[in-house]
Amino acid sequence: MRVGVWLAGARGSVATTTVVGALALRAGLSEPAGCVTAHPALSGVPLPGFGDLVFGGHDVISSPLAKKAEQLAAAGVVPAGLVATLGRELAAVEENLRPAPSGDTQEQVAAAVAADIAEFRRRHRLDRSEERRVGKECRS
């Protein structure tokens with residue numbers, strides 16, 4: 001199961017920390033301490049693994065995701081070694097980031113956002129029917 005994670009403000013501090021953390025977990029460079037999905041009570045729930053997550057998003061800034069990750073490492077927010085180790089993975093996420101859409105009306109902006117997300121879903125073959133099934137199981 002491949003699950004898309006679309007981030008508004010994808011090059012911001014919170015989004016970058018999220019991506020670096022998920023990539024570190026995927027690579028086995030970190031333990032899932034504090035991750036709700038790792039709680040034993042959820043062991044039987046068919047949640048996607050960290051390797052199943054595909055990140056994309058919009059942002060108004062254009063500086064590279066890796067640059068923001070380096071800034072966060074310099075500030076002590078994420079371990080400095082992770083940024084260098086995850087360079088290739090951060091570059092892959094960067095390919096999925098788009099400029100925040102603009103338009104003359106909110107309807108035009110919403111249509112552009114929807115088009116970017118639909119293209120992301122198609123390109124990565126993200127399956128909506130699987131997302132619905134997992135969502136129903138998590139609520140029961």
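All values below come from the heavy atoms of this structure, side chains included, with hydrogens, waters and symmetry mates left out.
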**Asked** Going through the checks in order, is the side-chain contact (heavy atoms from CB on, under 4.5 Å) test met by V45 and T37?
**Response** CA-CA 9 Å; V45 178; T37 58; over 6 Å; no

**Full working for side-chain contact (heavy atoms from CB on, under 4.5 Å) between V3 and V54** = CA-CA 6 Å; V3 176; V54 182; over 6 Å; no

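For P32 against F50, the heavy-atom pair with the smallest separation is CB-CE1, 4.4 Å. The shortest heavy-atom contact between L86 and A27 is CD2-CB, 4.3 Å. Residues A15 and A10 share a closest heavy-atom pair of CB-O, 3.6 Å. Of all heavy-atom pairs spanning G4 and F120, the tightest one is CA-CE2, 3.8 Å. Considering all non-hydrogen atoms of both residues, W6 and H58 come closest at NE1-ND1, 3.2 Å. Contact between L42 and V36 at its shortest, heavy atoms only, is CD1-O, 3.2 Å.
In this structure, CD in E70 is found 9.0 Å from CG in L90, a value given to the nearest 0.5 Å. Rounding to the nearest 0.5 angstrom, the gap separating the NE2 atom in H124 from the CZ atom in F55 is 12.0 Å. Atom CZ of R122 and atom CD1 of I117 lie 11.5 Å apart (nearest 0.5 Å). Between the CG atom in L72 and the CG atom in L82 there is a gap of 11.5 Å [rounded to 0.5 Å]. Rounded to the nearest 0.5 angstrom, N96 CG and D116 CG are separated by 11.0 Å. Considering CG of L97 and CG of L7, their distance stands at 8.0 Å, rounded to 0.5 Å.
Checked by atom type and distance alone, the side chain of Q108 pairs as donor or acceptor with a backbone atom of T105 at under 3.5 Å. The main-chain N or O of E95 is found under 3.5 Å from a side-chain atom of R98 such that the two form a donor-acceptor pair.
When the salt bridge (charged side-chain N to carboxylate O under 4.0 Å, His left out) test is applied to E94, the partners found at least two apart in sequence or on another chain are R11.
Under the 4.5 Å side-chain heavy-atom criterion for Ile, Leu, Val, Met, Phe, Trp and Tyr, V77 and V19 are members of the same hydrophobic cluster. L53 and M1 end up in the same hydrophobic cluster when Ile, Leu, Val, Met, Phe, Trp and Tyr side chains are linked at under 4.5 Å.
Looking at heavy atoms from C-beta onward, K68 lies in side-chain contact with S13 at the 4.5 angstrom threshold.
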